[in-house]
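Presented below is the structure to which this report refers.
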Amino acid sequence: MSEPEQTEQHLDFIRTRVKEDQESGKNDSRVHTRFPPEPNGYLHLGHAKSICLNFGIAQEFGGLCNLRLDDTNPVAEKTEYAEAIQSDVRWLGFDWEDRFFHASDYFDQLHAWAVQLIKHGKAFVCDLTFEEMRKHRGTLVEPGTNSPYRERSVEENLELFERMKLGEFSDGAKTLRAKIDMTSPNLNMRDPVIYRIIHQEHPKTDNKWKIYPSYDFAHGQSDSLEGITHSICTLEFEHHRPLYDWFCENLGIHHPQQIEFARLNLNYTVMSKRKMLRLVQEGHVNGWDDPRMPTLQGMRRRGYTPKSIRDFCEKVGVAKRDNVIEVELLEHCLRHDLNLCAPRRLGVLDPLKVTISNYPDDQVETVNAVNNPEDSDAGTRPVSFSKHLYVDRNDFMEDPPKKYFRMSIGKEVRLKYAFYITCTEIVKDEEGKIIELICEYDPESRGGDTADGRKVRGTIQWVDASTAKACEIRLYDRLFKTPDPDKVEEDGDFTDNLNSESLQTVDTALVEASVLSMETGKPFQLERVGYFCVDPDGADSDKLVLNRTVAMRDSWAKANK
RNA sequence: AGCCUGGUGGUGUAAUGGUAGCACAGAGGUUUUUGGUACCUUUAGUUGGGGUUCGAAUCCCUACCGGGCUGCCA
């Protein structure tokens, strides 16, 4: 695992705080965090930031980090999600050891605490309907008014709460509310609901409960029970902190410190579960693991490495101000990692036939290709070479501009790892389209250089016609065509900004035979083209399907825009 | 409107009263059997206005501009 390079003078505000607490001896200098997703959807890049923060801080300060599923609302939560979450966190490279918990593990304790609050006159059963409660709540500028049920006796509250628990009332008929302050400027403090009636089977507790605690009544207490020292969450929970504190204090239990940070936003995409769900449900993408999705499953299928994502999460920093990170940073982190670890292969997306006129008709030889120039231990591999080859169509120009280094008539180029060739003749079809290049090769240039040391500036990739394998390649582009997909015309919708060309399928590609043995999901580089990985879609057929993880940086294309 | 929050190059993020730094992006260059990589150089910033101070991104006042909050979601 990569060690985050946190230098002494470069700590973010959360780590600064944790460090101070540790040095002052707070919590006996323990550091204990947790990552608490709700199992109602798949994890995305925004969650990755939180995972890296929580597990990262634990590692850096010699502490622990728990994985906890916040399963207090059985309506949308599913086991399917719970399993994906564990798999994703593990894939990202983190380990919670034996500390895998559920908020539902604490339902009994939470219930007992609710009873305790009632006995202390700090909670009451309320009969107000949803609508009535909304009216009583007041507004942003006006205080709320007390519920008419606020002054029920402890005995009555106890009895009613027990009957709620027994399932005697229908959903929404009654709630248990904390008795705090209906005039508080913080709406969360206006007698918030802490238990509601939900007749719904729970993935973990089955039909044991008819009442479920709200987030506010479960989260802090769960943290407390687990001995969490720093409860790190996103900014939207800032207004809930007074409540978090209120419960810990009024229950007299261990009081973790909640700290909020700004969630991650990335341009050209959306980062909310709700919007991603729509993309999936409305068929704009092919599922949660579509390689264009910012879900961890999508990114994994696309070929993102855990290390590149961790590196990204470290580089985006942690602060309280709203932010939108440019995708270029993500792609930089990806390429940086891939450049170091991805094996190299040869392939052409748009094949153009090449015949070497002075090469023996039936001869086939092998040349040695370097597997990874950044890693000498990766060694070399044999690649077959013969009279009939393919190069990429865009590596030839009949009428090239001044600084074009690749093929054109009479211009000598290097076929990477093989020979120098010079095009002598172009073959066209009736419509004038180039269909073949007749070339001559220099037998003395085997391996890619000659004794005379002459300079050949252009080097291109190629495949041997007799051994190359056909495959389907899926080229991905950003999902949205605008940096801020939420910025729309009136009556518009973020889906208006979807990029209709975010997926382009190329079915003409040819790759060297060894690509067949690449492991699904493990990225490799097709030299000069980009990074790719085998998609699971081809697994059950003979078809080889590749995903383009990310293109190479291309300063030539950029300069010629 | 009330409350809470936050404003540092294009984008992020440091500097907590003492040289505004780093990364990505941009521009230029060196190297190169990937027009990749690596390396070098470079453009560009403290929201405005007052104040305190020898000295302010930092402290105070004020204006302006973002974001959040009226679920029995989390």
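Computed from a predicted model, the values in this text were never measured in an experiment. The chains referred to below are lettered A, B, ... by the order of the sequence lines, with proteins before strands, and numbering in each begins at 1.
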For the residue pair A:Tyr81 and A:Trp288, categorise the inter-ring angle as parallel (less than 30°), tilted (30 to 60°) or perpendicular (more than 60°). perpendicular

Summarise how protein sits on nucleotides 4-10 of chain B as a single string, 5' to 3': B when a protein heavy atom is under 4.0 Å from the base, S for sugar-phosphate-only contact, - for no contact. BSS-B-B

Distance, rounded to the nearest Å, where A:Tyr268 contributes OH and B:C24 contributes C1': 15 Å

Can you tell me how far P of B:C72 sits from OH of A:Tyr212, to the nearest Å? 19 Å

Report the distance from atom CZ of A:Phe217 to atom C1' of B:C73, rounded to the nearest whole Å. 18 Å

Under 5.5 Å between ring centres and under 30° between planes: does that hold for A:Phe405 against the base of B:G35? yes

What is the distance from CG of A:Asp486 to P of B:G66, rounded to the nearest Å? 17 Å

Between A:Glu80 and A:Tyr42, is any side-chain donor less than 3.5 angstrom from a side-chain acceptor? yes

If I pick the P atom on B:G48 and the same atom on B:A56, what distance separates them, to the nearest angstrom? 14 Å

Hey, are A:Thr450 and A:Asp452 close enough side-chain-wise for a donor-acceptor pair under 3.5 Å? yes

Figure out the NE2/P separation between A:His10 and B:C22, and round it to whole Å. 11 Å

Within a strict 4.5 Å, meaning less than it, do heavy atoms of the A:Arg345 and A:Met518 side chains meet? yes

Is there a side-chain contact between A:Arg553 and the phosphate of B:U37, meaning an N or O under 4.0 Å from OP1 or OP2? yes

Within-4.5 Å side-chain heavy-atom neighbours: A:Thr269 and A:Arg478: no

In this structure, how many angstroms lie between the P atom of B:G36 and the CZ atom of A:Arg528, rounded? 10 Å

Looking for any heavy atom pair under 4.0 Å, which part of the strands does A:Lys416 touch: base, sugar-phosphate only, or nothing? base

Excluding sequence neighbours, so at least two apart, what forms side-chain hydrogen bond (donor to acceptor under 3.5 Å, both in side chains) with A:Thr380? none

Would you classify A:Glu527 as touching base, sugar-phosphate or nothing, given that sugar-phosphate means primed atoms plus P, OP1 and OP2, and contacts are heavy atoms under 4.0 Å? base

Stems in RNA chain B, runs of 3 or more consecutive Watson-Crick or G-U wobble pairs with both distances under 3.5 Å, sorted by first number, are B:2-7 with B:64-69, B:10-13 with B:21-24, B:26-30 with B:38-42, B:47-51 with B:59-63

Establish whether the base of B:U32 is bridged to the side chain of A:Arg457 by a donor-acceptor pair shorter than 3.5 Å. yes

In whole Å, what is the span from the CZ atom of A:Arg34 to the C1' atom of B:A74? 12 Å

